[in-house]
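Below: the structure, in structure tokens.
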Number of protein chains: 2
Amino acid sequence: MSRLRGSVTIDDVARHVGVAKGTVSRVLNNYTDISEATRKRVLAAVQELGYQPSATARNLKRGRQDTLGIVIPVGHGSGADPFLSEFIDGIARALDELGLDLLVTTAHSREHMIETVKRLIARRKVDGFIVTRTEVDDPRIAYLREHNFPFVAHGRTRDPSGYAWFDIDNEAAFADGVRHLYSLGHERIGFIGGPMELNFALQRRDGYRQGLEALGVAHDPELETLQLLTEKGGFAGAEALLSLEAPPTALLCATDALAIGAVQFCRKFGLKVGADVTIVGYDGLPVGEYLDPPLTTFSQSAQEAGGRVARMLIDVLDGKNPTDLQALATANLIRRASDGAPANSSEALASALRDRLNQQPHSGRKGE
Amino acid sequence: MSRLRGSVTIDDVARHVGVAKGTVSRVLNNYTDISEATRKRVLAAVQELGYQPSATARNLKRGRQDTLGIVIPVGHGSGADPFLSEFIDGIARALDELGLDLLVTTAHSREHMIETVKRLIARRKVDGFIVTRTEVDDPRIAYLREHNFPFVAHGRTRDPSGYAWFDIDNEAAFADGVRHLYSLGHERIGFIGGPMELNFALQRRDGYRQGLEALGVAHDPELETLQLLTEKGGFAGAEALLSLEAPPTALLCATDALAIGAVQFCRKFGLKVGADVTIVGYDGLPVGEYLDPPLTTFSQSAQEAGGRVARMLIDVLDGKNPTDLQALATANLIRRASDGAPANSSEALASALRDRLNQQPHSGRKGE
DNA sequence: TAAGTCAACAAAATCGGTTTCGGAGATCGA
DNA sequence: TCGATCTCCGAAACCGATTTTGTTGACTTA
């Protein structure tokens, strides 16, 4: 592979000025025991030669990399998560201001992910980790804690004590969502969720249940379905719930991707979203605004979250107590046009859909 | 900041086995002048102690980082480009197989971008660069070439000679698009493009013009509009073109984001996309499938492109001649449902729209 | 049997910085 | 005037690997 650039080293600068290299280093690192005259000459030479210290050499001595790591999960061929790309953007922006860099790797499985974490730590390529998409029992967090390696989690785990995290109050958001739908007049409210290993999926489902309970509405297990967090999953989820004897008139979805799939199901069977069926997502993806109808959703700024988490990690590296670095943010409901008062009762919806499902037997997708 | 982990070094291994550390290094790097017995003992100790060489120390000596860099442009507050996130995903996957890592940084301006490139090179944090979103005259590429630093571009520049690149044949795709629309019966075909500094935007516009010329259709400058590459830009572009005296019945858009905005404009003014107005995008974003109607678009697999570019860069680092590493791929038209034969003539479309624009003076959005 | 070869490894140099240690002058205090 | 203190900086150790050079004993070869 490529050889090192013929770049200028600290020795070149030292020789050019006629001082020891240690002196150059001290000038550059703002030591106080340097005379003004020497400082100026060194700085001039640095300028003239265009010297920049080698990060590698400095890291070796300092035992620090000025680099943070993130391992992003990539599904089975499914595309990248749009949430994550904004999240990374936010991290990178925050780090840029501090002169740190971000090392991004991907992992296609749980095992691969932890293996990558281990490798990056063992080879000392990063100073700390940002863990995303926390699981209820997260092996990455277990590993990092066990090895006392600095990290910050975006999202909590079952036991959220003893480490730094930033999370959204998912329970509150979904309880809120239920309340909102109920106040619009919905009495049967469905929930399309994700895999229960994912902590946020669990939290959102719990929030849904808590919301019902707070309203004194009996929880009907039939109205809950768990799917993969993709548009296809949302389609399947809507199909499952709306085909019930007594279908929900509103669907609360754990993510925007699910909601988009659910909207597609309704479109396919001629149900008017926002009237016949209300659909609410979560993520605030920009594209939601351009759907038909524009998607009502909970928004969290992924970019802001990224910046926040990055700064928290810096704090951890600076020696702050991780336990003091735990923050909970609120997600806000952005009302657009996919929610509204129910146009029909659950029974009417059921019969309308029954007709349509018969007319247009569940063939492959059409018109596309 | 954090101190180095109390991790096991090559000296620990050497001491444990009772050999010189050079011997351990040679075992690990498969030198031949090591007896089988020693090799085994060293390997056993490595296993037992869980030793992994420090990337930093190795890099210092070898002058190589096993890390590639990418600088992604981030708009003025606008979110991350969904294309880029899949692209990065593709890169990371390819690198993972080779044990390399990817350093991701963001830049909010042209200056910032080149400054970041300089810093990463000077501090020797990366071995090579992947340049995305090439501009017609790209300062990054000029810099990298001038300093003879290894890189691969995703997209070409005005002068595409002398460096490695991977690009899509944008001209061919858009010429093809024009032909397709013409064969559907469209005679006035509009083009919504992006800033002409971006090379792909230029290529796509040229392809549009070439397509018209090949068909012997006169090129009407009025039917071309350039916008920012966002949904808002698409909305504005559609507005500009459809408000013409003689509006186009089909809109060819340089990106999916533009197309999505154009679709929204049509929806807002009651124009049926795929009949009243045909809209074709470019990018093949997954979300296009879930729009109403599903978006007809040119697809290029961002992920595949990422992998491809990464492997090309490895080749460059391995000393291959960059000039031999230039590849052009074809984009395929994915027909979904936003294109079709024109339901009305340009005149009919114009008068229909005139009525609607008057009726519904440019108010905020409505619940559809 | 002495000189030459070779296998297998130890020792030391090296990469490019940071940091510790210590020493030469200048300055200060008594 | 002389030791004590400072100021400023050179010299060298050090970080943890890789790579070069050198050494030793065993084995050939003449």
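Each chain gets a letter, A, B and so on, in the order its sequence line appears, and its residues count up from 1.
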Pick the closest DNA chain C nucleotide for B:Thr38 and for B:Lys61 by heavy atoms, then say which residue is nearer the 5' end.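 With B:Thr38 and B:Lys61 compared, the 5'-side residue is B:Thr38.
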Determine whether [X] and [Y] make a side-chain contact, defined as any pair of heavy atoms from C-beta on separated by less than 4.5 Å.
X	Y	answer
B:Lys125	B:Gln65	no
A:Tyr163	A:Leu325	no
A:Val17	A:Arg41	yes

Expressed as a whole number of angstroms, how long is the span from [X]:[atom1] to [N]:[atom2]?
X	N	atom1	atom2	result
A:Gln65	C:dG17	CD	C1'	13 Å
B:Ile10	C:dA10	CD1	C1'	14 Å
A:Arg39	D:dC8	CZ	P	10 Å
A:Leu60	D:dC14	CG	P	14 Å
B:Glu36	C:dC9	CD	C1'	15 Å
B:Asp11	C:dA10	CG	P	13 Å
B:Asn30	D:dT18	CG	P	12 Å

Would B:Thr157 and B:Glu135 satisfy side chain to side chain donor-acceptor pair (under 3.5 Å), going step by step from the backbone distance to the final call? CA-CA 6 Å; B:Thr157 51; B:Glu135 299 182 7; over 6 Å; no
Taking the minimum atom-to-atom distance to the side chain of [X], which one of [options] wins?
X	options	answer
B:Arg62	C:dC9, D:dT18, C:dG17	D:dT18
A:Lys21	D:dA13, D:dG16, C:dA10	D:dA13
A:Ala20	D:dA11, D:dG16, C:dG17	D:dA11
B:Arg26	C:dC9, C:dC15, D:dG10	C:dC9

Ignoring backbone atoms, establish whether [X] has a side-chain N or O less than 4.0 Å from OP1 or OP2 of [N].
X	N	result
A:Tyr31	C:dT19	yes
B:Ser35	C:dC9	yes
B:Tyr51	D:dG16	no
B:Thr9	D:dC15	no

Would you mind classifying the nucleic acid contact of [X] as base, sugar-phosphate or nothing, using non-hydrogen atoms under 4.0 angstrom?
X	result
B:Asn29	sugar-phosphate
B:Ile34	sugar-phosphate
A:Val24	nothing
B:Ser25	base

Determine, stepwise, if the pair A:Asp96 / B:His108 fulfils side chain to side chain donor-acceptor pair (under 3.5 Å). CA-CA 11 Å; A:Asp96 182 62; B:His108 48 254; 5.2 Å; no
Is it the case that B:Ser54 and A:Arg123 place a side-chain donor and acceptor less than 3.5 Å from each other?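 No, A:Arg123 and B:Ser54 have no side-chain donor paired with an acceptor closer than 3.5 Å.
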Assign each of B:Asp33 and B:Ala57 to its nearest nucleotide of DNA chain D by heavy atoms, then name whichever residue's nucleotide is nearer the 5' end.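 Its nearest nucleotide being more 5', the pick is B:Ala57.
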Could one point to a donor on the side chain of A:Arg64 or the base of C:dT18 with an acceptor on the other under 3.5 Å away?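 When only heavy-atom distances are counted, A:Arg64 does not reach the base of C:dT18 through any donor-acceptor pair under 3.5 Å.
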